[in-house]
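For reference, the structure is listed below as C-alpha cells.
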Number of protein chains: 2
Amino acid sequence: MSAQGETRRAPLDRARVLAAAVAAADRSGLDALSMRSLAAELGVVPMALYKHVADKDDLVGGMVDTVIAGYDPADAVGGPAEVRARIRSARAGLLAHPWLRTAIESRTRRTPAVLAHMDAVAGAFLRGGYSADLTHHAMHALGHRIWGFSPEAFEEPPAEPPSPAEREAMLRTMAERFPHITAIAMDTAARTPSGTCEPEGEFDFTLDLLLDAFERLHAAGWTSSA
Amino acid sequence: MSAQGETRRAPLDRARVLAAAVAAADRSGLDALSMRSLAAELGVVPMALYKHVADKDDLVGGMVDTVIAGYDPADAVGGPAEVRARIRSARAGLLAHPWLRTAIESRTRRTPAVLAHMDAVAGAFLRGGYSADLTHHAMHALGHRIWGFSPEAFEEPPAEPPSPAEREAMLRTMAERFPHITAIAMDTAARTPSGTCEPEGEFDFTLDLLLDAFERLHAAGWTSSA
DNA sequence: ACCTGAACACCGTTCAAGT
DNA sequence: ACCTGAACACCGTTCAAGT
C-alpha cells in the first residue's frame, strides 16, 4: 500500500510548515490554529511538525518572521519619506494578515526579521540627519499601533549572555547586521548610567508630544475640511 | 464531616470570583490562569464558577472591568490637564497589572467600564473646547499604547441590534450613560455617509501628525538636554 | 533523516444530579 | 440557589519506536 496510490508527498521543511500555518491563520484565525490541525492539513501526524519547529511559540514566531521578511524593501532615501514607506509596508502586512498583530504582541523574543525591520526604520531617520537621541524617541512614539510590533523590544534584557566572550561576539554581530539600532542603543547607554532607557520618561515624552500637537491644531481652529 | 472542621466558606459571588482571578493573574500571569486553577484556589469544583461567569471570555472581561472601574476619578477641569490625569490612571493600571494589556487586546466587546473610560477622556477634550471632530482624531491618535485599550472599539459594529425598537432604546441609554462618545459618533456619522470612519484616513492622520512633530523637533535642533 | 503511535498531563465546557 | 461528578472533545508535548 504505502506511497503509491497517492503521489508521494514532498518531505516537509520549515518553510513549508510556516507557509501552511500562515495560510491557515489567514483563513480561520490564530485561535483555530493548533499543532494538531496544522499537522492534519499537511497530511502528517502532529509530532512530525516538531522536527521543523521547536514548539508552538517557535511556530508563531516563524509565521511572524515569514510575513515581515516579505515587506517591501523601501528606497533608502532617508528621512520621513522612507519612514512612511516602511511603515506602510508594516501596515499592509497587518491588514493582509489579521492575526499578525496578536501574534506579534504575544511574542517577547526579538527575531532577526523583527530586528531588521526596526533597523531599517531607524536607518531611515539617521540617514535623514536625525540624531540618535531623537531617532530613539521617534521610534518609541511611532509605537506599537503604527509599527506592528512592540518598541519595548528595545528595552528588554537581551536574554542573559552565557559568557563574556560570547557576549562580545554577539555585540559584534549585532553591530554588523543591525548597525542603526546598535548605534542608538549605544548612544542611549552612553547617556544613561544604567544603560536602559526610562519607560516613564518615554511615556511622558510621547504623551506630551501628542497633546501639544493637538493643542496646536485646536488653537489654530483646525477643521476636517482642510 | 462536611462543613464543620472548616469554617463554612462564604458563598461565591461574581465580585469574589473576579477579585481572585485578578490576584491570581497578578501573581502568575494570564497564561497560568485557568478555570480549573482558579476554582482550585477558591476551594471549589471548576463548574461552580459557571454560576457567576458565563465562560472564560466573560471572566477575562470582568477582570478588565474590575481594574478599569478602580481608575482614579480625575477632576473634570477639561482640556489636556484632565486628559493627562486620566491617561495616567490607565497607565498606572497597566503597570500594576502586567496581564491587563494582553487581556484588553484579546477582547472585542466594549464593556460598560471601557465605554465609561472612553467617555471620560472624550469629555475632557470636549469640555476643553475641542470640536467633536478634533476630539475624534485625538482619541485615535492617543491610541492603544497610551490608552491601554483599543480605540478601534469606536469602529466595530455594535453587535447587530435585534429590533428597531431595541436599537432605539440602546441608542437612548448610550446617549444617557456615555454622552460624549455618543456625540462624537453622531458627529462622525453626520459627516461620513457610511457612518463609520475610514481606518486608513485615521492611520494617515496620526502618522503625519507624528512625523511632522518630529520633523519640527529635528529642524529646531532638539536635544535631550532640554 | 524523517515520520509514527501511544501515552501524559493538561484544557474549557456539557449535562444530569445532588443538597 | 448553589455546588458537584463524571464525561466529552479537545490541547501541547514526551518518549521510544519504526522505516
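Throughout, protein chains are lettered first and strands after them, A, B, ... in sequence-line order, and every chain is numbered starting at 1.
Within 4.0 Å of B:Met35, counting heavy atoms only, lie sugar-phosphate atoms of the nucleic acid but no base atom. Base contact: A:Lys51 has a heavy atom under 4.0 Å from a base atom.
For A:Ser34, whose side chain is taken as the heavy atoms from C-beta onward, the closest listed nucleotide among D:dA7, D:dT4, D:dC11 is D:dC11. Comparing atom distances between the A:Met47 side chain and each of D:dT14, C:dT13, D:dT13 picks out D:dT14 as nearest.
In this structure, A:His117 has its ring center closer than 6.0 angstrom to the ring center of A:Tyr71.
As a whole-Å value, the separation of B:Leu30 CG from C:dC11 P is 14 Å. In this entry the distance linking CG of A:Leu49 with P of D:dC11 reads 13 Å, nearest Å. Between the CG atom of A:Asp13 and the P atom of C:dC3 there is a distance of 9 Å, given to the nearest Å. Atom-to-atom, CZ of B:Arg14 to C1' of D:dC2 comes out at 17 Å; the value is rounded to the nearest Å. Atom NZ in B:Lys56 sits roughly 14 Å away from atom C1' in D:dC10 (whole-Å rounding). Taking atom CZ on A:Arg36 and atom C1' on C:dG5, their separation rounds to 12 Å, with Å as the unit. Atom P of nucleotide C:dC3 and atom NE2 of A:His52 are separated by 5 Å, given to the nearest angstrom. Between B:Tyr50 atom OH and D:dC8 atom P the separation is 17 Å, expressed in whole Å.
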Show your working on salt bridge (charged side-chain N to carboxylate O under 4.0 Å, His left out) between B:Glu41 and B:Arg27 and close with a plain yes or no.
CA-CA 13 Å; B:Glu41 192 157 328; B:Arg27 224 178 312 112; 2.9 Å; yes
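Between D:dC11 and C:dA7, the distance separating the two C1' atoms is 14 Å to the nearest Å.
With 3.5 Å as the limit, one finds a donor-acceptor pair spanning the side chains of A:Thr111 and A:Asp65.
The pairing partner recorded for C:dT19 is D:dA1, the criterion being a Watson-Crick or G-U wobble arrangement whose two distances lie under 3.5 angstrom. For D:dT14, the paired base is C:dA6 (Watson-Crick or G-U wobble, both distances below 3.5 Å).
In this structure, NZ in B:Lys56 is found 6.5 Å from CE in B:Met35, a value given to the nearest 0.5 Å.
A:His140 contributes no side-chain N or O that, together with a main-chain N or O of A:Thr206, makes up a donor-acceptor pair within less than 3.5 Å.
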